[in-house]
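Since the model is a prediction, treat every value here as computed from it, not as a measurement. Atom set for the values below is all heavy atoms of this structure, side chains included, hydrogens, waters and symmetry mates excluded. Letters A, B, ... mirror the listed sequences (proteins, then strands); counts begin at 1.
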Number of protein chains: 2
Amino acid sequence: MNLSNGEEQLMNIIWEKGKAFMKDLLESLPEPKPAVTTVATLLKRLSDKGAIGYTVFGNSREYYPLIQKKTYFSTKVNELVKNFFNNSPSQFASFFTQETDMSQKELESLKKIIEDQLKNKTP
Amino acid sequence: MNLSNGEEQLMNIIWEKGKAFMKDLLESLPEPKPAVTTVATLLKRLSDKGAIGYTVFGNSREYYPLIQKKTYFSTKVNELVKNFFNNSPSQFASFFTQETDMSQKELESLKKIIEDQLKNKTP
DNA sequence: TTTTTTATTCTATATTTGTAGAATAACCTC
DNA sequence: GAGGTTATTCTACAAATATAGAATAAAAAA
């Protein structure tokens with residue numbers, strides 16, 4: 001499942017809200033807001049791709065995701081790791097902690113997560 | 001700087017090799033190899049975008065990166081973090097360690113990296 | 001019930017991307 | 001130096017993407 005930029009932006013809103021009508025989407029989109037028809041086109045394409053479904057309510061539809069954010073994102077990350085880090089997650093992780101500006105708190109919470117994971121690996 | 005898939009693939013080779021002639025690129029590309037003219041087109045586009053430069057040697061050129069892999073990649077990761085994790089690196093990191101299959105060794109090395117970073121943050 | 005608002009579909013255009021043939025120019029080899 | 005080899009430019013075309021107007025249908029408001 002490959003989504004274009006615009007499609008991704010819409011998906012993000014739909015993932016966040018769980019479900020949304022056209023008007024909700026337009027509301028959530030940042031300025032400068034695109035034309036309604038632009039959004040409609042993207043929704044059509046997302047629907048064609050099988051990324052969203054919808055329930056009809058009179059003249060409009062309530063859209064909802066058919067693919068999980070987690071699934072979609074996981075694929076993207078794995079591609080990145082593969083393409084740029086020779087398939088080595090740790091290489092990537094190291095790069096990541098160095099390049100992003102994580103606060104002490106964030107680093108500590110991450111450390112905890114890793115420790116938990118380690119516990120699971122060494123029972 | 002936004003690169004298309006094909007452009008990224010070429011950049012990866014150029015980044016790896018540091019510099020490369022057309023024939024090196026063709027050699028490194030996996031089967032099924034694209035036509036020479038296809039590669040030439042991509043090189044032209046990369047050059048137009050300012051991603052690569054070249055030194056002329058007779059009838060051919062030695063291409064080299066003008067943007068660093070690290071810089072380019074850092075931007076990409078930051079976009080991901082922004083778009084999907086509400087700008088929270090730790091949220092992303094947590095997702096990352098859960099979704100990718102890191103070995104015990106990798107987890108430990110990552111833990112060490114984080115501990116080092118923490119040391120720097122709390123002198 | 002007439003008017004206004006809103007969502008959808010249909011149509012359309014410009015740009016970007018993947019892909020490569022034809023022509024050309026400059027090397028390399030015999 | 002004639003002929004093959006290789007890189008570059010020019011041209012081209014199909015698919016994907018960003019963007020939105022016109023027309024239509026249905027709902028909401030007045």
Does the side chain of A:Y63 get closer than 4.0 angstrom to OP1 or OP2 of C:dA7 through an N or O atom?
no

With the side chain defined as heavy atoms from C-beta on, A:A35 is closest, among D:dA20, D:dA18, D:dA26, to D:dA20

Would you say D:dA16 has OP1 or OP2 under 4.0 Å from some side-chain N or O of A:K49?
no

When you check the phosphate oxygens OP1 and OP2 of C:dA7, does a side-chain N or O of A:K44 lie under 4.0 Å from one of them?
no

B:T37 side-chain proximity, nearest of C:dG18, C:dA20, C:dC27:
C:dA20

Ion pair present between B:D48 and B:K44, side-chain N to carboxylate O less than 4.0 angstrom?
yes

Does any donor-acceptor pair link the side chain of A:T41 with the base of D:dA20 at a separation under 3.5 Å?
yes

Among the candidates C:dA20, D:dT19, C:dT8, find the nucleotide nearest to the side-chain atoms of B:T38.
C:dA20

If you only use heavy atoms from C-beta on, which nucleotide in C:dT8, D:dA7, C:dT17 is closest to the side chain of B:M22?
D:dA7

Are the charged groups of B:E27 and B:K17 less than 4.0 angstrom apart, N to O?
no

Are B:R61 and D:dT8 close enough that a side-chain N or O sits under 4.0 Å from OP1 or OP2?
yes

Out of C:dG18, D:dT8, D:dT19, which nucleotide sits closest to the side chain of B:A40?
D:dT8

Among C:dT17, D:dT17, D:dT9, the one nearest A:S4 by side-chain distance
D:dT17

Rounding to 0.5 Å, atoms CH2 (B:W15) and CZ (B:F73) come to a distance of 9.5 Å

